[in-house]
Amino acid sequence: NRKRVLICMIMFFALLPVFSYLHEAGHALVCIADGNEAEISVNFSGGTTLCHGDVSNPFAYKISGGLLAGIIGTTIGIALFRWKIPFIALTTIGAGHLVNAVIEAFADSYFTRGGDWSAILAFIEFVTFLSLMIIFDRKTVRPA
């Protein structure tokens with residue numbers, strides 16, 4: 001169903017900036033919890049959180065962004081399972097952010113800052129999106 005795919009893609013791209021902000025807010029929460037001041041900026045190429053001060057737990061700081069956006073996205077997506085378009089868009093974004101959380105927490109910061117990382121994350125989200133569309137957009141055909 002091309003119309004459903006198009007609507008789903010529009011919803012997906014419309015929600016990307018919202019979830020980029022949620023991702024950066026997750027980093028900012030850890031920064032603020034340490035008594036520091038956080039500065040968030042989000043644009044079309046992603047987002048950045050500047051923490052003005054030292055973070056006592058760098059692991060928590062690195063994983064918190066993707067974890068917050070991922071949990072919110074997948075939770076809302078699963079809650080809306082009955083409505084396929086928001087389910088697919090939100091679950092795709094949530095899964096992408098959860099993968100991002102793991103990689104941000106364990107990968108070298110040089111790797112996560114480059115354009116290569118953006119391409120890898122985009123590929124993961126594309127495969128997730130396509131898989132969910134194929135799985136949940138099928139129509140059951142009854143034998144004649």
Using the test ring pair (Phe, Tyr, Trp, His ring centres under 6.0 Å), find all partners of Phe129 that sit at least two apart in sequence or belong to another chain.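 Partners of Phe129 under the ring pair (Phe, Tyr, Trp, His ring centres under 6.0 Å) test: Phe12.
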If the condition is ring pair (Phe, Tyr, Trp, His ring centres under 6.0 Å), which residues does Tyr21 pass it with, not counting sequence neighbours?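 Ring pair (Phe, Tyr, Trp, His ring centres under 6.0 Å) list for Tyr21, sorted by chain: empty.
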Do you know the tightest heavy-atom contact between [X] and [Y]?
X	Y	answer
Val42	Ile40	CG2-CG2, 4.0 Å
Ala95	Thr128	CB-CG2, 4.2 Å
Lys62	His27	O-CE1, 3.2 Å
Ala38	Ala28	CB-CB, 3.6 Å
Phe87	Gly77	CD1-O, 3.0 Å

Does the side chain to side chain contact (heavy atoms under 4.5 Å, CB included) test come out yes or no for Ile63 and Glu104, once each step is laid out? CA-CA 6 Å; Ile63 201 167; Glu104 273 189 342; over 6 Å; no
Using the rule given for side chain to side chain contact (heavy atoms under 4.5 Å, CB included), can you reason through Phe19 versus Leu90, listing the C-alpha separation, both sets of side-chain angles and the distance that settles it, and then say yes or no? CA-CA 9 Å; Phe19 279 88; Leu90 287 162; 3.6 Å; yes
Please give the remaining members of the hydrophobic cluster of Leu50, linking ILVMFWY side chains under 4.5 Å, ordered by chain and number.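 In the cluster with Leu50 there is nothing else; it is isolated.
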Tell me who clusters with Leu6, hydrophobic residues only, linked when side chains sit under 4.5 Å apart either directly or through other members.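 ILVMFWY cluster around Leu6 also holds Ile10.
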Thr91 side chain to Ile88 backbone, donor-acceptor under 3.5 Å: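 A pair under 3.5 Å: no.
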Using the side-chain hydrogen bond (donor to acceptor under 3.5 Å, both in side chains) rule, collect all pairs that involve residues 70-90, keeping only residues at least two apart or in two chains.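 Listed once each, the pairs would be none.
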Taking side chain to side chain donor-acceptor pair (under 3.5 Å) as the test, write out the residues that go with [X], two or more places apart.
X	value
His97	His23
Glu37	none
Thr49	Glu24
Ser56	Asp34

Quick one: do [X] and [Y] end up in the same hydrophobic cluster if we chain Ile, Leu, Val, Met, Phe, Trp and Tyr together by side-chain heavy atoms under 4.5 Å apart?
X	Y	value
Ile71	Val30	no
Phe106	Val55	no
Ile32	Phe59	no
Ile103	Tyr61	no

Disulfide (SG to SG under 2.5 Å) pairs, two or more places apart, involving residues 56-100: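 For residues 56-100, and leaving out neighbouring residues, there are no disulfide (SG to SG under 2.5 Å) pairs at all.
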Under the disulfide bond (SG atoms under 2.5 Å apart) rule, collect the residues that match up with Cys8, sequence neighbours excluded.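 So Cys8 forms no disulfide bond (SG atoms under 2.5 Å apart) with any residue.
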Could you measure the distance from the CG atom of Asn100 to the CD1 atom of Ile93? Nearest 0.5 Å is fine.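 That separation rounds to 13.0 Å.
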Pairwise distance CG(Leu67) to CG(Leu22) - rounded to 0.5 angstrom: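 The CG atom of Leu22 is 12.5 Å from CG of Leu67, to the nearest 0.5 Å.
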Could I get the full list of side-chain contact (heavy atoms from CB on, under 4.5 Å) partners for Leu29, not counting sequence neighbours?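 If we apply the side-chain contact (heavy atoms from CB on, under 4.5 Å) test to Leu29, skipping adjacent residues, the hits are Leu68.
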